[in-house]
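Here is the structure we will look at.
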Amino acid sequence: MTDRILIIEDNAQNMYLMKFLLGKSGFDVVGADNGRSGIEMALTLRPAIVLLDIQLPGMDGYAVAAELRRHPELAHVPIVAVTSYAMAGDRESIMAAGATGYIEKPINPDTFVEEVGCYLHAAENRGE
Ligand code: MN
């Protein structure tokens, strides 16, 4: 089965790049440009992993991560923050909100798919 990846990102260029890189690698990629519709998509489409921007209009990434974790059926889905916030405190905040890890922006096209794959395989190895 092809792994489905949900990207929640409001920046069209970043969304395009992530979709392009992951799609080219054979993933089934779906996207939402705001947190609320991203949560709806996570519940209905059951992605294998969620890539989450922090700075989103309205509901920010911290709130989205926390809400995703409140749904038992999504409790084990890896949430990877994709963020230009390089500060340790921000990383701690998003991890505390329920994220599994983070990937730094700007996205590096040479390593991005591999980084996402690491989080996916880690989850699969735990039987999730
Ligand atoms: Mn953003």
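First listed ligand is number 1; within each ligand, the first listed atom is number 1. Numbers here are sequence positions counted from 1.
Residue Gln13 places its CD atom among 12 or fewer non-hydrogen atoms of other residues, nucleotides or ligands, all under 6.0 Å distant. Within 6.0 Å of OH in Tyr102 there are 12 or fewer heavy atoms belonging to other residues, nucleotides or ligands.
Remark: Lys19 does not engage Glu9 in a salt bridge, criterion side-chain N to carboxylate O under 4.0 Å.
No side-chain heavy atom of Phe27 sits under 4.5 Å from any side-chain heavy atom of Arg4. Inter-residue side-chain proximity for Lys105 and Thr83 is flagged as unmet; no heavy-atom pair is nearer than 4.5 Å.
Of the N and O atoms on the side chains of Asp90 and Ser93, not one donor lies less than 3.5 Å from an acceptor on the other residue.
Closer than 2.8 Å to the Mn ion (ligand 1) sit the protein N, O or S atoms Asp10 OD1, Asp53 OD2, Gln55 O.
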